[in-house]
Amino acid sequence: MDMAARSSLIDYAALVRPDRVHSRVYTDPAIFEEELDRIWYREWVFVGHDSEVPNPGDYRTGYLGKQPIIITRGRDMQVRVLLNRCTHRGNTLCQTRSGNSPTFTCSYHGWTYSCEGDLQGMLFREDYPPDFKREDHGLFRVPRVALHRGFIFASLARTGNSLAEHLGPAAANIDRFCDLSPTGEITMNHGVYRMRIECNWKMWSENSVDSYHVYQTHGSNVYLANMFEAKAGAKPPPPGKGYFGLIHARDLGNGHSDLDMRPQRRVTGMTYTGEWSGEIPESAQRAYLEGLEKLHGKAKAEQILTEGPAHTVIFPNLFNMLQEIRWCVPVSVNETYIYYAPCLFKGAPDEINTARLRRDEGAYGPAGFQLADDIEVWARNYEGLQAREVEWILMNRGTHLPVQPDEDGVPYQGDLSELTMRTQWRHYLELMSSP
């Protein structure tokens, strides 16, 4: 694939300022097309999890940007990412989301490929020229595929930074997500929600690490949570920002950012198992704790339970929080698919994993109490961007506050800062302005 850069006639520096961006970066189809080339087909992009293809011949279809892909587990147990495109006339090979098959056969002319992508058979081979070589016509293999803790990332660029360099400090947040499992492993093969949202993909990315919107967009949730905690005799939160003001907005580099809730959890005394009180049998909780301590040691296990899961966006399309992984796929300048997949702890008691599923359904399922708020706000947001007055989008909350390193040396701000969004846009500008 020719990934040569094309010169751009768009002045991105005029559209992306340190504290604001122009509406055009969300609404211009030409910008969307350039984003595909400069971000989605060049950077490391999250495409799936290795638990989705645990056995030889397992496959799962998806997209890398707008390009259809097949994630496969070969007979050699290696995970590959192939373009879902027959090399004969371009038909897609797999129509189902997932399955198991040693071969893929094109329904148009019958060309057949192995699960590793090699062309194995074709109808009427004798009618092709003598110099036709099957080995030259296998499925296109995405040139760079790498995994971190089971998370599969792919890049269509043949050269570039390693995945470790791309992730940087964000890798530790993936580790925190997985370390809560008593085996250190999660599984993501328990179903997935796909939501079609009427907005630009970047709006979802911003929202995922925006703590400022919670009070208004999810105001009913905050009210109910405070009401039930008061009935249970819990200490009421401080007035104003409550405990949300303790959350750190962090710049993890390369466009990655997170809302670090560890300071909040330490003050409130929250622990991961404490959130299960009255919901999960004591025997299941003990078994879980024993597994965690066996894997990490008692002190580390206590730290993991106190810190809880990370709340992180890994640019351009991965977000993990609580008990789930989310990722986005761009469809057009004003349409995006969002995937929500609950993650279970490998080796944990069934009661714990069942609770994780129920919580995910309750918040983000089709009748969930939280996702509907965001989907409606995104659609209204995109509609508002069609206005041709006051076209700048502000992201200047916290620009007057100092940015300082936290305990991990990561730059952060508190008080519901929009540092997380400024981080994403700074990296976006670098990518879109590079040759």
> Does Glu407 come within less than 4.0 Å of Arg266, counting only side-chain N to carboxylate O?
Replying inline: yes

>> side chain to side chain donor-acceptor pair (under 3.5 Å) for Asp260 and His311? Distances and angles first, verdict last.
In response: CA-CA 7 Å; Asp260 187 1; His311 187 107; over 6 Å; no

> Quick check: does any side chain N or O of Asp415 sit under 3.5 Å from a backbone N or O of Ser417, one acting as donor and the other as acceptor?
Replying inline: no

>> Whether the side chain of Thr87 engages the backbone of His137 through a donor-acceptor N/O pair (distance < 3.5 Å, no angle test) should be reported.
In response: yes

> Any sub-3.5 Å donor-acceptor pair from His166's side-chain atoms to Glu43's backbone N or O?
Replying inline: no

> Judged by atom type as modelled, is there a donor-acceptor pair below 3.5 Å linking the side chain of Thr183 to the main-chain atoms of Lys346?
Replying inline: yes

>> Centroid separation under 6.0 Å, is that true for the rings of Tyr26 and Trp425?
In response: yes

> Is there a donor-acceptor contact under 3.5 Å from the side chain of Asn320 to the main chain of Ile325?
Replying inline: no

>> Check whether Thr61 reaches the backbone of Ile70 with its side chain - one donor and one acceptor, N or O, closer than 3.5 Å.
In response: no

>> Please check: side-chain N/O of Arg73 versus main-chain N/O of Val53, any donor-acceptor pairing under 3.5 Å?
In response: yes

>> Looking at Thr72 and Cys115, would you say the former's side chain and the latter's main chain have a donor-acceptor pair under 3.5 Å?
In response: yes

>> What I want to find out is whether Arg265 reaches Glu307 closely enough, with some N-O distance under 4.0 Å, to be called a salt bridge.
In response: no

> Taking only residues two or more places apart in sequence, or in another chain, which ones meet Arg326 in a salt bridge (charged side-chain N to carboxylate O under 4.0 Å, His left out)?
Replying inline: Glu324

> In terms of ring plane angle, is the pair Tyr113 and Trp111 parallel, tilted or perpendicular, where the classes change at 30° and 60°?
Replying inline: tilted

> Does anything in residues 419-435 pair up under salt bridge (Lys or Arg N to Asp or Glu O under 4.0 Å), and if so which pairs, sequence neighbours excluded?
Replying inline: Asp251-Arg426

>> Name the residue from Trp201, Trp40, Tyr41 that meets the side chain to side chain donor-acceptor pair (under 3.5 Å) definition with Glu35.
In response: Trp201

> Does Glu52 come within less than 4.0 Å of Arg97, counting only side-chain N to carboxylate O?
Replying inline: yes

> Are Glu290 and Arg286 within salt-bridge range, i.e. N to O under 4.0 Å?
Replying inline: no

> Cation-pi between Arg397 and Tyr212: NZ/CZ under 6.0 Å from ring centre and within 45° of the ring axis?
Replying inline: yes

>> For Leu64 versus Ile69, what's the shortest heavy-atom pair and its separation?
In response: CB-CG2, 3.9 Å

>> Please verify the inter-ring angle class for Phe345 with Tyr288; under 30° counts as parallel, over 60° as perpendicular, anything in between as tilted.
In response: parallel

> Taking C-beta and beyond as the side chain, do Leu322 and Arg359 meet within less than 4.5 Å on heavy atoms?
Replying inline: no

